[in-house]
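This report refers to the structure that appears directly beneath it.
Being a predicted model, the structure only gives us computed values, none of them experimental. Residue numbering restarts at 1 for every chain, and letters A, B, ... go by the order of the sequence lines.
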Amino acid sequence: MSTEQKRRPFPFHEFEPKWQRVWDEKQTFHVANPGEPGFDASKPKYYVLDMFPYPSGQGLHVGHPEGYTATDIIGRYKKMRGFNVLHPMGWDAFGLPAEQYAIKTGQHPRATTEANVANFKKQLQSIGFGYDWQREVNTTDPGYFKWTQWIFVQLYNAWFNPATNRAEHISTYKGDDVDNVRLAYVSHAPVNWCPQLGTVLANEEVVDGKSEVGGFPVERRPMRQWMLRITAFAQRLIDELDGLDWPESIKLHQRNWIGRSEGAEVSFAIADSKLPIAESQITVFTTRPDTLFGATYMVLAPEHPLVDVISTAEQKEAIAAYRTTAASKSDLERTELAKEKTGVFTGAFSINPVNGEKIPVWIADYVLTGYGTGAIMAVPAHDERDWEFAKKFALPIREVVAKEPRLGLGNKAACDTEPMECFAEEGYAVNSGPLDGLSTADAKAEIIARLEAQGVGKRRIQFKLRDWLFSRQRYWGEPFPIVWENGKHSALDESELPLLPPDLADFKPTGTPEPPLSKATDWVRYSETATRELNTMPQWAGSCWYYLRYIDNKNSERFVGAEAEKYWTGGGKPGGVDLYVGGTEHAVLHLLYARFWHKVLFDLGHVSTPEPFQKLVNQGLILGEDGQKMSKSRGNVVNPDDVIRDYGADALRLYEMFMGPLEATKPWSMSGVEGVFRFLARVWRLVMDETKEGDWISSAALQEVPMDKATAKVVHATIKKVGEDIEALSFNTAISQMMVCTNALTSANPRPLEAVRLLVRVLGPFAPHLAEELWSRVGGTGLVSDAEWPAYDPALLVEDEVEMPVQINGKVRDKIVVKKDATQPEIEAIAKAAPKVAEAIAGKEIKKLIVVPGRLVNIVVA
RNA sequence: GCCGACGUGGCGGAAUGGCAGACGCGCUAGACUCAAAAUCUGGUAUCCUCACGGGUGUGUGGGUUCGAGUCCCACCGUCGGUACCA
């Protein structure tokens with residue numbers, strides 16, 4: 001841009017930084033905690049939260065300010081409405097991308113993180129967000145992660161008591177294997193290992209067999225890992241969604257992810273087994289126990305422990321070969337090759353407990369180790385997967401469910417004819433002995449009762465959710481507060497926290513599953529005989545509880561002070577945060593993990609609500625001008641800094657909100673930005689006139705005169721609608737109403753000062769810089785940010801007369817004007833007398849006449 | 001496959017079951033100007049008509065209703081999520 005003076009329609013570049021300085025100097029958006037000076041206990045509280053950003057090297061993109069502007073408007077509005085508003089911001093700064101970037105550039109992640117945080121903060125401040133920066137948190141700050149580690153220790157020292165259905169201190173556990181019930185425990189199960197990233201990943205972080213970060217292949221291998229027992233809370237995580245004001249789609253997503261299914265566990269005896277009874281059973285989980293009579297074979301997962309025990313000598317070789325292939329397949333290959341079923345016969349048979357039939361036992365990788373019991377009874381007639389498998393390996397298929405009840409057919413008749421297609425729906429039992437004729441629901445109940453009586457099965461509820469793999473083989477994360485001695489682990493004492501990571505110069509992955517912390521030989525040695533845990537926590541750890549730390553971020557005694565926690569999360573709702581705004585991408589990761597941690601803290605008495613977030617809103621994605629997802633490779637990325645430079649922060653904020661509904665996906669448009677920019681200039685010119693020389697002076701039209709009726713009406717209608725629209729998060733329509741008001745005031749001469757003062761206050765939450773500037777020029781007291789939200793006068797909004805359309809058979813034919821309080825018969829008479837109406841109904845029979853007072857009249861004629 | 005969201009002018013989008021298209025963009029005419037930009041004022045769904053006026057219109061087809069963009073059923077399309085979960 002040239003250095004010569006670029007003419008600006010209003011001097012936003014001068015007053016925007018000015019007001020940002022004033023807010024900072026006066027600490028306008030700082031709010032005190034109970035017990036602190038300046039705390040006003042008479043005010044209600046409002047906690048409005050943004051999903052804090054991961055401070056990447058790219059800086060802010062226009063997606064960030066969308067949600068942030070929405071919460072800022074709410075926060076500023078609630079403040080004007082007399083609330084104590086908690087609206088904080090912080091940094092989710094541990095994690096893979098920072099470390100990858102550090103490795104690439106050769107800098108220490110702490111240095112790059114600091115630089116990125118400083119840049120993000122500067123950018124956020126240049127948009128004029130009203131955050132209480134005194135409450136800033138950073139997950140990589142030792143004063144913060146001390147408490148992340150402390151919470152981990154709480155998890156370690158807790159177990160889930162099924163009798164009370166909640167987490168309790170480990171001391172209440174009376175069994176003999178404490179390490180088997182802790183909420184944080186060690187596992188040796190196969191995990192998702194990503195060689196390129198040099199770390200293991202949680203199930204949630206693996207997408208289509210590739211890492212969510214980077215898209216690298218992921219393979220399964222058994223490793224020693226820390227797990228968190230989130231599955232213990234599965235039922236509560238489902239049930240307690242009910243009390244939350246979240247989008248139904250997100251609730252559904254979480255329910256599906258947790259994946260509750262009801263069914264039965266059934267034990268099949270292994271035929272001709274020489275093993276003790278207890279070991280010669282194959283237990284399966286099924287949601288369709290009513291189809292038990294149709295089980296014609298069984299399948300074990302390749303990794304199932306019984307495979308070695310039961311396979312016959314002739315099959316051993318084939319089995320071993322199949323297991324090797326299955327194990328070496330990455331998840332990606334497993335998914336890609338999912339089309340064709342594979343498997344091998346074990347040579348063994350089992351006995352169907354309901355009819356004594358001997359059925360073959362196979363292994364196949366379409367049965368997963370991690371779900372249910374890792375074994376299934378196959379009912380090919382009524383399960384698509386079993387159907388495909390049976391067809392491929394020519395196994396028998398027996399129909400046991402029919403669409404319609406069918407009685408009187410013996411087993412014999414049915415066994416001879418195989419069904420033509422798989423029927424996986426509910427229906428009525430056939431060929432099932434005592435179940436015949438029962439509906440699927442009744443048949444399930446009946447068979448479960450029978451199995452329970454025989455002691456070979458029972459009702460069971462199964463969840464898809466797995467325990468949370470919590471350790472990573474990385475440098476840039478919270479070290480575990482755990483030491484190992486003689487193969488046994490123990491937690492550090494609270495006094496030893498925070499446990500800082502070693503200051504490693506070489507923090508690169510080792511290329512093996514050995515974590516980089518192993519390179520810090522001094523650090524690793526805890527004592528003569530004990531060494532430290534080498535894994536670090538995943539990025540999700542810090543974000544699981546940051547909303548609690550904002551409440552009391554400087555507390556060195558406790559993760560959050562009890563009194564402050566009670567105040568800011570109080571209000572009688574299950575969730576403490578009143579409004580949480582962020583992207584959908586966290587539907588089942590962050591939002592599920594945070595709920596889990598919160599419930600543990602609640603059960604252990606550390607927080608006072610069972611849920612973290614009462615109301616959740618997902619802001620939509622902002623696309624590039626071409627309607628495509630914004631990305632560097634497409635070259636359609638919009639940088640907020642450029643928008644602020646050319647149009648100002650207020651225009652950026654306003655445009656982000658004017659684009660459309662907050663939740664919608666919508667494309668960016670620079671001419672749209674210019675549109676709201678012109679609107680802001682029009683508001684400016686309500687107050688200021690430009691001289692021939694290009695100087696700004698107070699507008700001559702602006703006078704201390706009372707508002708005429710029409711002006712008062714539009715201004716008060718604006719106060720009403722904008723307030724209601726903010727409450728409903730309908731910011732685009734609020735802005736359109738302010739445009740209507742501004743257009744009306746533009747043509748007013750004289751222009752009543754009072755009207756402008758009211759409009760400026762209503763504009764405050766949206767375009768705070770311009771509002772402050774104008775407020776100071778129209779004689780406002782103090783800051784508009786501290787002003788009260790104006791009240792509207794409903795009496796000014798009612799019309800004396802209303803225009804009503806008159807329809808004939810649903811089509812508008814004429815319009816009439818009637819008094820506001822006209823009676824039904826009066827309206828009817830006026831309507832019938834209207835010229836076009838009279839003409840249309842002349843000589844016709846009126847079959848019906850509907851009058852909707854204040855809206856319309858509809859006359860139905862033959 | 002399954003689950004979810006959404007289909008309204010040239011574009012972004014408004015509409016408690018009650019005048020479809022608020023507001024903005026774009027386009028267009030006029031005012032101001034020597035001229036332009038900026039600004040201000042007006043017009044702008046579509047078809048028929050010189051006009052007055054009228055017909056048709058919210059993805060498609062049905063239905064409920066005095067009245068449907070809105071509610072119900074079926075279908076088509078776009079986007080997002082998810083996938084051997086027994």
Side-chain angles (χ1 to χ4, degrees), chain A residues 7-9 207-208 247-250 252-253 255-257 259-261 263 284-289 291 299 301 334-335 337-339 341 364-368 370-379 382-386 388-389 424 462-466 584-585 587-588 618 620-621 623 625 627 629 654-655 658-661 663-676 678-679 681-682 685 690 730 732-740 742-743 746-747 803-815 836 847-852 854-861:
Chain A
R7 198 199 153 276
R8 289 185 175 88
V207 180
D208 286 339
E248 271 314 309
S249 59
I250 297 283
L252 191 69
H253 199 170
R255 287 195 194 100
N256 289 344
W257 189 267
R260 178 192 155 105
S261 46
V284 302
F285 172 72
T286 175
T287 53
R288 291 297 298 270
T291 63
V299 185
R334 272 203 184 189
T335 342
L337 302 174
K339 316 274 180 282
K341 295 269 182 295
D365 65 3
Y366 84 90
V367 173
L368 311 169
Y371 185 76
T373 60
I376 62 158
M377 64 175 204
V379 185
H382 307 289
D383 182 286
E384 291 285 355
R385 297 151 298 180
D386 297 345
E388 280 174 38
F389 192 83
Q462 176 69 38
F463 295 95
K464 218 155 77 178
L465 184 72
R466 321 282 171 85
T584 343
E585 65 272 23
V588 289
N618 294 121
L621 201 64
L623 305 172
E625 297 224 38
K629 219 175 190 157
L654 215 61
Y655 178 66
F658 189 63
M659 292 172 81
E663 295 95 329
T665 301
K666 46 216 177 267
W668 188 266
S669 154
M670 272 306 176
S671 30
V673 178
E674 284 181 42
V676 295
R678 277 201 284 267
F679 160 66
R682 281 165 77 88
R685 285 195 309 270
E690 191 172 20
S730 182
N732 53 334
T733 51
I735 294 166
S736 116
Q737 180 63 36
M738 291 188 281
M739 288 172 167
V740 170
T742 303
N743 291 344
T746 296
S747 45
E803 189 192 61
M804 289 169 69
V806 181
Q807 300 182 334
I808 308 289
N809 290 346
K811 288 196 194 299
V812 178
R813 288 300 163 195
D814 210 339
K815 290 183 181 176
K836 300 235 180 65
K847 298 180 79 173
K848 201 162 183 178
L849 203 157
I850 296 113
V851 176
V852 186
R855 311 258 16 167
L856 58 49
V857 179
N858 190 11
I859 302 171
V860 185
V861 296

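Residues Leu856(A) and Val851(A) have side chains not in contact (no heavy-atom distance under 4.5 Å, counting atoms from C-beta outward). Between Leu252(A) and Glu248(A) the shortest side-chain heavy-atom distance does not fall below 4.5 Å.
At a threshold of 4.0 angstrom between heavy atoms, the contacts of Arg466(A) include nucleobase atoms, whether or not backbone atoms are also involved. Nucleic acid contact class of Ser671(A) (heavy atoms, under 4.0 Å, all strands): sugar-phosphate only. Heavy atoms of Glu803(A) sit under 4.0 angstrom from at least one base atom. If you check every strand for non-hydrogen atoms under 4.0 Å, Val852(A) touches a base. Within the nucleic acid shown, Asn732(A) comes within 4.0 Å of sugar-phosphate atoms alone, with no base atom in reach, counting heavy atoms only. Among the protein residues, Lys811(A) comes within range of the sugar-phosphate backbone only, with heavy atoms under 4.0 Å from sugar or phosphate atoms but none that close to a base. Here Leu252(A) lies in heavy-atom contact (under 4.0 Å) with sugar-phosphate atoms only. In this structure, Gln807(A) reaches the bases: a heavy-atom distance under 4.0 Å links it to at least one base atom across the strands shown. Using a 4.0 Å heavy-atom criterion, one finds that Asp386(A) contacts no nucleic acid atom at all.
Of the candidates G12(B), C66(B), C19(B), the closest approach to any side-chain atom of Phe658(A) belongs to G12(B). The side chain of Ile850(A) has C66(B) as its nearest neighbour among A14(B), G24(B), C66(B). Ranking U39(B), A86(B), C66(B) by closeness to the Leu368(A) side chain, first place goes to A86(B). The Ser249(A) side chain lies nearest to G4(B) when the options are A86(B), G24(B), G4(B). For Ser261(A), the listed nucleotide lying nearest its side chain is A86(B); candidates were A86(B), C84(B), A15(B). With G81(B), A86(B), G18(B) as the candidates, the nucleotide lying closest to the side chain of His253(A) is G81(B). Checking C66(B), C19(B), A86(B) against every side-chain atom of Lys848(A), the shortest atom distance belongs to C66(B). Out of A86(B), G12(B), C23(B), the shortest distance to the side chain of Tyr371(A) is found at A86(B). Of the candidates C40(B), C3(B), G54(B), the closest approach to any side-chain atom of Arg813(A) belongs to G54(B).
Counting to the nearest Å, the P atom of C40(B) and the CD atom of Glu690(A) are 12 Å from each other. Rounded to an integer number of Å, the gap from Phe679(A) CZ to U39(B) C1' is 17 Å. One interatomic measurement links the two molecules: CG of Asn743(A) to P of C23(B), which rounds to 8 Å at whole-angstrom precision. Put simply, CD on Glu674(A) is 15 Å from C1' on C11(B), counting in whole angstrom units.
Across every strand in view, G1(B) sits in a pair with U82(B) that passes the Watson-Crick or G-U test at under 3.5 angstrom. Judged by Watson-Crick or G-U wobble contacts below 3.5 Å, the nucleotide G57(B) has no partner. In this structure, A20(B) makes no Watson-Crick or G-U wobble pair, since no nucleotide meets both defining distances under 3.5 angstrom. Nucleotide C6(B) has G77(B) as its partner under the Watson-Crick or G-U criteria, with both atom distances under 3.5 Å. Under the Watson-Crick and G-U wobble criteria, each requiring two contacts below 3.5 Å, nucleotide A37(B) is left unpaired. The partner of G26(B) is U44(B), by the rule that a Watson-Crick or G-U pair needs both atom distances under 3.5 Å. Using the Watson-Crick or G-U wobble rule with both distances under 3.5 Å, U70(B) pairs with nothing in any strand shown.
For the OP1/OP2 pair of U16(B) and a distance below 4.0 Å, the side-chain nitrogens and oxygens of Arg855(A) include no atom meeting the criterion. Within the 4.0 Å cut-off from OP1 or OP2 of C6(B), not a single side-chain nitrogen or oxygen of Lys666(A) is found. Residue Arg678(A) has a polar side-chain atom (N or O) positioned under 4.0 Å from OP1 or OP2 of G26(B). When the side-chain nitrogen and oxygen atoms of Asn618(A) are compared with OP1 and OP2 of G80(B), none of them lie within a distance under 4.0 Å.
Here G9(B) is in the syn range [glycosidic angle within 90° of 0].
Both Val588(A) and Pro667(A) lie close to RNA chain B; mapped to their nearest nucleotides by heavy-atom distance, the more 5′-ward contact belongs to Pro667(A).
For Asp383(A) (side chain) and Asp386(A) (main-chain N/O), a donor-acceptor pair under 3.5 Å exists by modelled atom type.
A donor-acceptor contact under 3.5 angstrom links the side-chain atoms of Lys815(A) to the base of C19(B).
Cation-pi check for Lys341(A) over Phe389(A) is not met; the charged atom does not lie both under 6.0 angstrom from the ring centroid and within 45 degrees of its normal.
Ser736(A) and Thr733(A) form no side-chain donor-acceptor contact under 3.5 Å, judged by distance and modelled atom types alone.
Here, C79(B) and C25(B) have their P atoms 30 Å apart, quoted to the whole Å.
Atom NZ of Lys629(A) and atom CG of Leu621(A) lie 6.0 Å apart (nearest 0.5 Å).
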- [ ] Give the intermediate values and the outcome of side chain to side chain contact (heavy atoms under 4.5 Å, CB included) for residues Val806(A) and Arg813(A).
- [x] CA-CA 6 Å; Val806(A) 181; Arg813(A) 288 300 163 195; 5.9 Å; no
